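All remarks here apply to the structure that follows.
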Amino acid sequence: MIDHSGEKTPPNINERLLKPYNCLEVEDRIYKAWEEGGYFNPDVCIKDGITDAQAEYFSMVLPPPNVTGSLHMGSAFMLAIEDVMVRFARMRGKRTLWIPGTDHAAIATQTKVEGIIYKEEKKRRHDLGRQEFLKRVETFASESHDTIVKQIRKMGCSIDWSREAFTLDEKRSLAVKTAFKRMYDEGLIYRAHRIVNWDPKGQTTISDDELVYKAEKTKLYTFRYAKNFPIAISTTRPETKVGDTAVAVHPSDTRYQKYVGKEYDVEFAGVSLHIKVVADETVESTFGTGAVGVTPAHSQVDWEIAERHHLPLIPIIDEYARMTVANPHLNGKKVAEARQIVVDWLTSQKLIEKEEEIEHNVATAERTGGMVEPLPKLQWFVNVNAKIKNQSERLTGIRKGQDASLKELMLAAVKSGQTKIIPDRFEKVYFNWVENLRDWCVSRQIWYGHQIPVWYKGTETYCDIRPPQGDGWTQDSDTLDTWFSSGLWTFSTLGWPATAETAVAGKPGSENDFANYHPTIILETAYDILFFWVARMILMSTYLVGDIPFKAVYLHGIVRDKEGRKISKSLGNNTDPLEVISKYGADAMRMSLLVGTGPGNDSKISEEKLKAYKHFANKLWNIARFVFSNTEHIHTDQKNLGPEDLKKLEQFRDFTKETTDDLEHYRFYLAAEKIYHYLWHTFADILIEETKPLLFGDDGAEKISAQTVLRIIFNDSLKLLHPFMPFITEEIWSFSNTDKSGNALHFLMVQRWPQ
RNA sequence: GCGCGCUUAGCUCAGUUGGUAGAGCAAUCGCUUUACACGCGAAAGGUCGGGGGUUCAAGUCCCUCAGCGCGCACCA
């Protein structure tokens, strides 16, 4: 089945091995053969008697790549690690399932397509309308999908394509709606007027985690609203002061105690303000003048102060980051212009007491790069602090019937050890994030994504999986944060909600996936999406299915360029994995990404490393040529081994154990290097060299023994190397394990891992 | 401000539980030796960031200092 050359004559081992190794031809041919063999699908493995139906399971979801274009080296790194895990598990006889899929990546994809349309047609999404715009996005997404899927195949991933999913397909939509309704009915999802992070460039809200803070030098102005105002305040944003309704000071600040509770009317930059002086614990008396101008409508902390002191709020900035104030000189101006106008006014009035350069962090939107404005808006939130009754017995940290918040569920999953994070230092990072988590704003004003399953008619609100009966209902136009749908990924890909309750464990077939493969064994992903994704999956899974989503999380680092910089489009330093593969082969690329790259550590790609493992592939090819041409009629029977060779075999068994142990403990980076080192510097340099005199000599028994040990060790070495370099090992394997017409008897990928 | 990571051969980096340092590339010398010049053999190269401690023994554990990087918070 491996040989698809179409020739009727059996291929002569030496003939094919005598040609140099052609990774491109071999890799494409082998992947095709694997797919036709069907063993990426555990059901087929069971059906063909390769895997025991009762065997322990290994399941993992592919972190769905965003359909925003193509894969980068980071994705290639991820795919390499994951395929090693999967192939190792499969060879150990486990029922092994790896589920592919892609992520619609709402904001990222929409932003990308908006950019393309604007560049090519000078049109914005509103010029096209929701329907036409979505059509464009879907076309783009589908093209990206095809590219990505092709890349995953090129990498050699042994993933079950028959179960491929998409975060925005019909089944996942049902999962999203079901999840939303459950949370809505239980009061965990609510709609409220709050200060949110508004991205004027992307015209949407974003969550706290989608903020990127950039350090910037800016001026800190110290001034009074008016000459007769008793307290001077400091701010970096004078333009927002036209929205102030209070000045806050620390309660124990003796300088200002006499003013607390007093109210003042002032004319500030052409706007009438009514300012109350309040005392609040959160004010730092050592910063600036120790007094804060409170702008409740445009600052999260000020909003909170305003709530505590029942202060009114005055919105003065709109969705386009323009001023909306009574003063016609300011009205309609962008915030930056408004700042200058206010500063000029302050200067002319001689109200400025101090101007100093300070460095502070400016919030920008992760995807669009735009400056984020805190604005008061009516949005949907997930309440992470509300207590709900835990219905499950499967959570170690929390009893059935016990009240727990989503936050507590998230903490318990990891604190109890039910879910382990590798490397464990990230557990601390995780706890810190969860403990400080605020309600999650899940509504977005973009068009691409899951529309919120809520309908309005007058003052009525309706939430369900299906639209309400009757006329006059309008669906909420917002869509959900993309991480809401990816948070469901570990079980939405296994059939939840349709079959979760009806699935039968032990019965093969995708309709029973939830019973057979959940919780997944491991989740492998980059550490930079620990909060975005890993934490959200734990939230969704513990709440919705009452179980952890995975038993372990393996976090890999970021692949950087030669200079150690993050890969980014603006730097133009992204290397296309397909280009690398066509130059060095997928096997060599996998090895160079894997060797020496431990969990949680960043790595660099280098031409030298790629070259080194391409050389290794060639070396292996030559080893195979030597072994096969010198052991042609050998049966691998241990009885033929003399005492010296038995000792060599024993040493190899020790090495096998060590490698197995490394892989079981996720030390892929070590295992890869060791097997490389073993094959080259022990097997080739020592074993082969030592046996050469015997192989070319006459002694029958010793010669047979030498031939036999070479063959046994080489065959098993191929198995050990297979997870790392699947293509070349499979190709070499096929030479020695073929039937009379040259077809491979069994794929190496389903051989049993050596003991 | 809090936390984390890194600092090992000229360069890029490994070093899993503490037992007198490894890889790739580069550089030196010698080999067209019948598996492989994408190779083979040989030699060379490191006070494992500084200081202190624990230990029979530390790159590996503890303390401390320095440089670089990252995350979180603050960001009036």
Side-chain angles (χ1 to χ4, degrees), chain A residues 14 17-18 20-21 208-209 211 213-216 218 220-222 233-238 240-241 244 247-249 280 282-285 287-295 299-302 305 358-363 423 425-426 428-429 431-433 435-436 527-528 530-531 557-558 560 562-566 584 588 591-592 595-630 658 661-662 664-674 676-677 680-681 684-685 688-689 692 695-696:
Chain A
N14 292 325
L17 269 171
L18 279 172
Y21 180 60
D208 295 344
D209 300 287
L211 295 177
Y213 290 101
K214 286 191 178 143
E216 215 172 64
T218 191
L220 179 71
Y221 300 93
T222 300
I233 56 165
S234 298
T235 184
T236 55
R237 298 197 62 185
T240 65
K241 298 293 105 183
D244 282 12
V247 163
V249 297
D280 198 276
T282 59
V283 179
E284 197 76 58
S285 41
F287 188 92
T289 62
V292 188
V294 182
T295 323
S299 154
Q300 180 67 42
V301 282
D302 290 7
I305 292 174
I358 61 159
E359 187 159 299
H360 80 151
N361 288 325
V362 185
R425 63 185 145 91
F426 281 98
K428 239 197 249 177
V429 181
F431 292 138
N432 183 265
W433 181 82
E435 277 157 12
N436 294 303
Y527 66 70
D528 58 351
L530 178 64
F531 307 144
I558 294 167
R560 295 171 181 277
K562 223 176 164 184
E563 277 77 46
R565 299 172 304 184
K566 235 174 157 168
Y584 300 100
M591 278 298 271
S592 59
V595 170
T597 315
N601 290 340
D602 293 352
S603 55
K604 294 178 187 174
I605 51 163
S606 74
E607 207 80 8
E608 286 82 13
K609 214 169 167 185
L610 287 163
K611 224 186 272 175
Y613 291 104
K614 189 182 160 81
H615 291 179
F616 177 55
N618 182 66
K619 181 74 182 182
L620 185 67
W621 193 249
N622 284 303
I623 292 173
R625 183 187 301 164
F626 181 86
V627 172
F628 290 148
S629 54
N630 287 292
E658 207 183 305
D661 189 63
D662 282 338
E664 277 178 331
H665 294 93
Y666 310 112
R667 296 188 293 260
F668 316 105
Y669 53 108
L670 281 182
E673 191 172 3
K674 282 181 188 169
Y676 161 88
H677 201 263
W680 199 316
H681 300 298
D685 290 352
I688 285 185
E689 292 307 322
K692 267 180 182 176
L695 293 173
F696 303 141

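Proteins come first, then strands; the chains are lettered A, B, ... in the order of their sequence lines, and each starts at number 1. Hydrogens, waters and symmetry mates play no part in the numbers below; they use all other heavy atoms, side chains included. All figures in this text were calculated on a predicted structure; none of them were measured in a lab.
For R425(A), the listed nucleotide lying nearest its side chain is G5(B); candidates were G5(B), C36(B), A14(B). Taking only side-chain atoms of K692(A), from C-beta outward, the nucleotide of A14(B), C40(B), A35(B) with the closest atom is A35(B). Residue I623(A) has its side chain nearest to A35(B) when only C72(B), A35(B), A23(B) are considered. Of the candidate nucleotides A23(B), A35(B), G39(B), A35(B) has the atom nearest to the side chain of R625(A). Distance from the side chain of N622(A) is smallest to C36(B) among G24(B), G41(B), C36(B). Proximity note for N432(A) (side chain, C-beta onward) versus A35(B), U16(B), C72(B): the nearest is C72(B). Taking every side-chain heavy atom of N618(A) into account, C36(B) is the closest of A35(B), U16(B), C36(B). Nearest nucleotide to the D662(A) side chain, out of U16(B), C25(B), G39(B): U16(B). Taking only side-chain atoms of H360(A), from C-beta outward, the nucleotide of C36(B), C75(B), C40(B) with the closest atom is C75(B).
Remark: H615(A) is in phosphate contact with G39(B), judged by side-chain N or O atoms under 4.0 Å from OP1 or OP2. Applying the 4.0 Å criterion to OP1 and OP2 of C40(B), one finds that W680(A) has a side-chain N or O inside that range. The phosphate of C25(B) has neither OP1 nor OP2 within less than 4.0 Å of any side-chain N or O from K609(A). For G22(B), neither phosphate oxygen OP1 nor OP2 lies less than 4.0 angstrom from any side-chain nitrogen or oxygen of K674(A).
Taking a cutoff of 4.0 Å between a charged side-chain nitrogen and a carboxylate oxygen, E689(A) and K692(A) qualify as a salt bridge.
The aromatic rings of Y21(A) and W621(A) sit tilted relative to each other, their planes meeting at an angle between 30° and 60°.
Under the Watson-Crick and G-U wobble criteria, each requiring two contacts below 3.5 Å, nucleotide G59(B) is left unpaired. Figure legend. U7(B) is base-paired to A66(B); pairs are counted as Watson-Crick or G-U wobble with both atom distances under 3.5 Å.
For the pair D208(A) CG and C75(B) P, the computed distance is 13 Å after rounding to whole Å. Per the geometry, CG belonging to N436(A) stands 19 Å off P belonging to G1(B), to the nearest Å. Atom NZ of K604(A) is separated from atom P of U7(B) by 11 Å (rounded to the nearest Å). Taking atom CG of residue L530(A) and atom P of nucleotide G71(B), one finds them 13 Å apart after rounding to whole Å.
Residue contacts shown for V283(A) include a base, since a base heavy atom lies under 4.0 Å away. Residue contacts shown for I358(A) are absent, as no nucleic acid heavy atom lies under 4.0 Å away.
Side-chain contact between T295(A) and R237(A) is absent, with no heavy-atom pair separated by less than 4.5 Å.
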